Structure formats: C-alpha cells, structure tokens
Q: 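Provided herewith is a single structure, encoded as structure tokens, for subsequent inquiry.
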There are 2 protein chains.
Amino acid sequence: MDHARKLPTMTDVARKAGVSPMTVSRALKSDGLVSEDTRARILKAADELGYVLDSTASSLRSQKSDFVAVTIPSINNANFADTVGALNEGLKPRGLQILLGYTNYDMHEEERLIAQLLRRKPLAVVVTGGTHTPRCRRLLENAHVPVIETWDLPENPLHHVIGFSNAQAVQSMVDHFVAKGLTRIAFVGGDTDRDTRGLDRRRGFVAAMQRHGLDATRLIAAGPPPISMREGAEVMARLLDTAPDTQAVICVSDLSAFGALSACQRRGIAVPGQISIAGFGNFEVGAICVPSITTIDPSPKDIGARVARLICRVLDGDAPEPVLDHLAPRLLLRESSI
Amino acid sequence: MDHARKLPTMTDVARKAGVSPMTVSRALKSDGLVSEDTRARILKAADELGYVLDSTASSLRSQKSDFVAVTIPSINNANFADTVGALNEGLKPRGLQILLGYTNYDMHEEERLIAQLLRRKPLAVVVTGGTHTPRCRRLLENAHVPVIETWDLPENPLHHVIGFSNAQAVQSMVDHFVAKGLTRIAFVGGDTDRDTRGLDRRRGFVAAMQRHGLDATRLIAAGPPPISMREGAEVMARLLDTAPDTQAVICVSDLSAFGALSACQRRGIAVPGQISIAGFGNFEVGAICVPSITTIDPSPKDIGARVARLICRVLDGDAPEPVLDHLAPRLLLRESSI
DNA sequence: CTCCCTTATGATAACGTTATCATTCACAAA
DNA sequence: TTTGTGAATGATAACGTTATCATAAGGGAG
C-alpha cells in the first residue's frame, strides 16, 4: 500500500464543497445546524475524496474519547466472551468502542494493561474481578474515571460493582449434594492465587463442607489457569485412582467438569450412577453433552448488559453513588448429578 | 468519580521537574538523549503527580497510532479467539494495541465496523474472510494501510492473505470417507450467504461428492450462523428421521459435530459403529469427548502468529509485495469415524 | 423602518504531544 | 587559543479537529 500519500482532511473536504472546515465538522456529526443542501454537498465531497474523520484529532480537541476499556482474564473463555459481547451490544447504540485487554489471569499483566489503556482516556474502565495490585488500584483511582468491577464481590470495591459471590455459589452446590445424602465430595480446581475467582469457589467449597461437618480435604489441584477440559480429564483420572470412593465432584468450571465426565466415560464409570459431577458457568457443552452437567449459571450476558446500562447511566450524569449490583447465580440441576 | 478535576499534563510534570516539556517527552520514551539524573527526576515527578501520557495527543502529533484493527465474525468462537490471542501475543512486544470488532457474520456490519475502526488510523487492518461489500473494499483501499485477509483464500485479494481453502479442506475429508467405502454422506451447515467460510465448506463437499459420482443432496441446513452445539443436535435428530441410512456426517464445525454426536448418543446410535461424524476446527471439545471427533485443524493460533509476524515485517518497511500465505489444514482422524 | 430573534456559516484558538531546528556547554583536538 | 564535536536541553510550530464567539442574512413584530 502507498503509505506516502497523505489522506484528505476536513480542510480538503471544505475546500471542495466551498465551505469552511467548521461547517464540514457540523455536517458530519448531524448537528442539525447545517442547511440540507449544504450538508448534501459536503457529504458528496467527502465521499468523492474518500474522506474519513480522524477520531484522534476529534478526541484531543473535544477532550473526550469514545473508548470503554475492558480487561478479561482470557479471550478464549465463553463466559467472559459472552459478557464482552453483551457489553458491546449495549454500547453500540452510543457509538462507544470497546478497548479490550487480556490479563492472562495475572494481576501484574492487568496492571500493565490498565496503565496502557488509561493512556487513551477511556470513558469508563471495566475489570474482571476485585483483586488488583496496589499500583493498579492507584492508577484507576487517579484516572478519575468510572470503574466497574465484575464477576466478583470485592471486599474493598474501587467504585461500582456488578458481580456475585463465587464462594456462595459453590456453597449452594455443596448444600444441594449434602441434601441428597452425598458426603464424600471432591473439588477440582486451581490452587494458585492467580485465578482469584477459582480460589473463591474453592474457599466456598471448604467453608460449606466444614459447616456440614464433612471432610473438606478432597481438593484436587489442576495447575495454573485456565483450567481446560484436558486438565479436567487428567485430574479426574487421578482422583479415580487415589480416592475411588468419591461420590461427587464439583469442578471449577463446566469445561473441567466435561473433561472429568469424559474421563469417567473412558473408564466405564457411570455418571451419575457411581459418581455425580457438577461444574460452573453454564457453558453450552454442559447443556448438550450426555449426560448434561449440573452447573451454576452466572448469567454472563446479563452481567455485560448491566455493565452497559450502568455506563450509559453514568454518562448521562446519572448514578452519582457507587452502584453495588449483587447478582445471584442460579443452580441448574441436570443429569450428571443425582 | 470526580470528573471535573483536570488531569496533569506533560507541562505540569515539566514544571515540577524543572525542565521543558520536550525533555519530559524524551525521558518518558527512553530516548537515551536524557541524562540519567534528569530522567530520574522526571519519572519521580510524573509518578507523584499520577501523570499518564495522553496517547491521543501523541498519535495526533506523530501522525501514527499503535492500533491494529481486527474484525472477526463472533467473539464467542474459540477458533477466532485463538487467532486473536496469538495475534495479540505477537504484537505485544511492539506495544501495539488490538482494536477488535465483531461483524456478527454480517458483511454490512463489517462495513460499518471498518468505517468506524479506520477513524483511528490503524497501522494495519486484519479481517476474517475474503468477501466484503463494495463500499467496504473501497474504504480499505482508500485507507492506504496494509490489509490482511485471513481464514480464507479470496478470489480477488485486497492485499495480503494468510489463509486456506475451506472448500479444499472439506474435500479432503470427503475423500477420506469415500476411501473408507462410505458413500451416503451428509453435510450439516448453514445455507445462508452470511457465513462465507461455511458456504465454502459446503461447496467443497458438493464438489468432492460429484467428483466421486456420489449423491450430494444430503445437505442439511442448520439456520443462520453461528451454528452451535444445540443446532447440531437438532439437525442431527432431523437427519436421523429423514435419512436413517446415512453413513457419515460432515459438520461445518466441531461444535455442531459435537451436538450431532450427542443426538446420536441420546438415541442410542453407535458412533462410529452406525454412523461416522466429522467436524471442522479442532475445538477442544472434539479432542476430549467420547468418542473423540475426527476434524480438520486450521491452526488458528498459527494464523494469528503469522499475521503478527507479517505486520511486524511491514512496519519494518519489509514486505513490499502482497503476501499470499496459503496454509494447508491437517486432517485429524479420531474415534468418531471409521 | 427599526429591532430583535433565529438560522446558517465563518474565524480563531486550543486540545497535549512531538518533529524539527536551535542553543548551550564541556571537552578534546589542532 | 581556537575550532570542532557530541551530548543535553530548549523553543517553536504543527498534527486535524471542534469549542467558542462573531457575523450575516432573513423574517416577523412593533
């Protein structure tokens, strides 16, 4: 491509249409303050020149961007993707553009990313989770921008929160199994502090088991996040070897739960006949597979839609108080558990 | 948050550090032309003020952004997510920022998106697929920016191409089944022109069947894209009712293939005993499920990595000629097919 | 016919940074 | 001593747009 050639500017359009640049600016943003035939002439000139507005200059002069910065742990996770997708849909009518970053489940990467994203002067910042490095918190506080923490209930919220308690959700799953008479329950998930949501789920498991006076030591580490189907299968195989009397397995996500289910199928272990399996996240695979997998639905799209609505409210000057939107994920009982 | 307060600028940092703004600018980008103690003083002042560089102003003045615009059909597709993830990794060392947009498998939405993204003056534009609206093509040509089409082999490339022939890949799958002695083969996929890659796969199926002198009319429409596991299951149920003598099913993606497999399992149909199933994309679910699903691996991460490398080369002034990187997806034979 | 108000347009300056050229100073070579 | 060289820093202007204020033309009320 010819990099050398200079792109046409508003001044070029103005000259061609026989008006001032200011009138071009007004015409392009449908100000209503331009006569119809002038506007038509300008649009025609712009089209013929192949003119494209320079958002950079526009943002600099008007001192406002149309960016919303968003960080998620991984792009390749249907839950977070659903949240971002719904957020994107909700922001589209306003012409807002998402600036997406992946932290790779790493708080320091999040810090680096936030520092980079803040340079664009986003209108709002949406982060996944409520645990951040001190410098990351400082950066966000200094930015004087609305911040929304999601997928979690932080102890010390930075600002707005739209999330749920991961620990509580898993406790409800434990309660359900215990009510069914199961006592030898294992938890499959990560044990590093990288995936804080995963750790919260694990904590919820331990707390609930202890509350019921049950042994909470069947904790199977599955390595660093993301914990995929493959890790779920490997870990389940290990569990079947070391603790074959296990009655139920709660997995940190539906993906690892599906892997666990596959491992059982390969060994001819009946699910839920011999062992019950549950996941987290209501991924599609868990609804379609045979048997379908009991899970907890955190409504990722709902989170995204709510974030979008909150951002719109804030931009309208509404919502002066920090919002705390505490969601309650639903338990979905399916075929994989008795 | 306090929106009113003005954020500190380079001038504020300069005043505090007792230097000129120009020196601050140099110090912040590690120009090497600033003495060590001056730089230290400046960084300290910047930190104390909570200063964050304004990329908008920087881009405007230097007339170059650090954006790479990327459009993909859907955020919630592990294949495209893998490509974007690898692309992101490859661009990170250069400090480039991906500007991501979702076309929702709609060429007109792609056009709208490209028009919006070009306003940021991206350094390069990466699109999925090789079919675009005329205006979209015009926009990209006028932008004087390197364009890379991926996941496809366009007939009339805009510029660079890093992709493969979807039709050819499916033909190799048909050839494999025919070599195994199967003749009554069905294709499950969309029939709208929205998902052009899906249509190409369908065309490849028809062409290969005809080449073998076989009946190519077992084409099962699965509605508009994205075609998910659920649609795969529904369509398979329909196929088992209407054409129970089908020996093999090739699905437009592993997701629909997994849905088809589940439908068979619910009906007690043996896979591959009674019917063989194949997918496309090498999604994780197909590798883990029981039986694992025969598929074609388009190496999404490889595509992303290659795109990143090409962009870096172009930015280095290398690669004056349009690059045509023709990849050859591999056939992965698994348990779901004889 | 004047006055005021509305509508359409223009002139000017400014957003925060950096490209570019200019200057200063120290120090080595002649 | 003069001259040359390089390193460190500063002064100025410019990137393309739009906020703001100013102006001109038209039209109805008095």
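First the proteins, then the strands, lettered A, B, ... as listed; each starts at 1. Predicted model, so just to flag it, every value in this text is computed and none were measured.
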Q: Check the pair Glu110(B) / His132(B) against side chain to side chain donor-acceptor pair (under 3.5 Å), numbers first and verdict last.
A: CA-CA 8 Å; Glu110(B) 181 190 59; His132(B) 319 281; 2.8 Å; yes
Q: Atom CZ of Arg306(A) and atom CD1 of Ile148(A): how far apart are they, to the nearest 0.5 Å?
A: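 Interatomic distance, Arg306(A) CZ to Ile148(A) CD1, rounded to 0.5 Å: 12.5 Å.
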Q: Measure up the Phe67(B) and Phe67(A) rings against each other and bin them: parallel (under 30°), tilted (30 to 60°), perpendicular (over 60°).
A: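 Tilted, since the angle between the ring planes falls between 30° and 60°.
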Q: Let me see the working for Glu141(B) and His159(B) under side chain to side chain donor-acceptor pair (under 3.5 Å), right down to the final yes or no.
A: CA-CA 9 Å; Glu141(B) 281 159 2; His159(B) 195 190; over 6 Å; no
Q: Would Thr133(A) and Arg138(A) satisfy side chain to side chain contact (heavy atoms under 4.5 Å, CB included), going step by step from the backbone distance to the final call?
A: CA-CA 9 Å; Thr133(A) 66; Arg138(A) 201 151 34 83; over 6 Å; no
Q: How long is the straight-line distance from OG1 of Thr150(A) back to CG of Leu153(A), given to the nearest 0.5 Å?
A: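 The OG1 atom of Thr150(A) is 11.0 Å from CG of Leu153(A), to the nearest 0.5 Å.
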Q: Using heavy-atom distances to pick each residue's nearest nucleotide on DNA chain D, tell me which of Arg26(B) and Leu60(B) is more 5'.
A: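 Of the two residues, Arg26(B) wins.
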Q: Go through the steps to decide whether Ser35(A) and Thr38(A) satisfy the test side chain to side chain donor-acceptor pair (under 3.5 Å), and finish with yes or no.
A: CA-CA 5 Å; Ser35(A) 73; Thr38(A) 306; 2.7 Å; yes
Q: Give me the atom names and distance for the closest heavy-atom approach of Arg135(B) to Ala115(B).
A: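 Closest heavy-atom pair between Arg135(B) and Ala115(B): NH2-CB, 4.0 Å.
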Q: What residues from residues 33-50 of chain B pass a heavy-atom cutoff of under 4.0 Å to DNA chain C?
A: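 Heavy-atom cutoff 4.0 Å gives no residues at all.
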Q: Give the first and the last nucleotide of DNA chain C, reading 5' to 3', that has any atom under 4.0 Å from a heavy atom of chain B.
A: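 Footprint of chain B along DNA chain C, 5' to 3': dG16(C) to dT20(C).
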Q: State which residue, out of Asn79(A), Thr196(A), Thr83(A), Thr128(A), fulfils the side chain to side chain donor-acceptor pair (under 3.5 Å) condition with Trp151(A).
A: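 Only match with Trp151(A) under side chain to side chain donor-acceptor pair (under 3.5 Å): Thr83(A).
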Q: Which residues in residues 13-25 of chain A have a heavy atom closer than 4.0 Å to any atom of DNA chain C?
A: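 The stretch gives Val19(A), Ser20(A), Met22(A), Thr23(A) as the residues lying under 4.0 Å from the strand, ordered by number.
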Q: Could you grab the distance from atom CG of Leu60(A) to atom CZ of Arg61(B), nearest 0.5 Å is fine?
A: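 CZ of Arg61(B) is found 12.5 Å from CG of Leu60(A).
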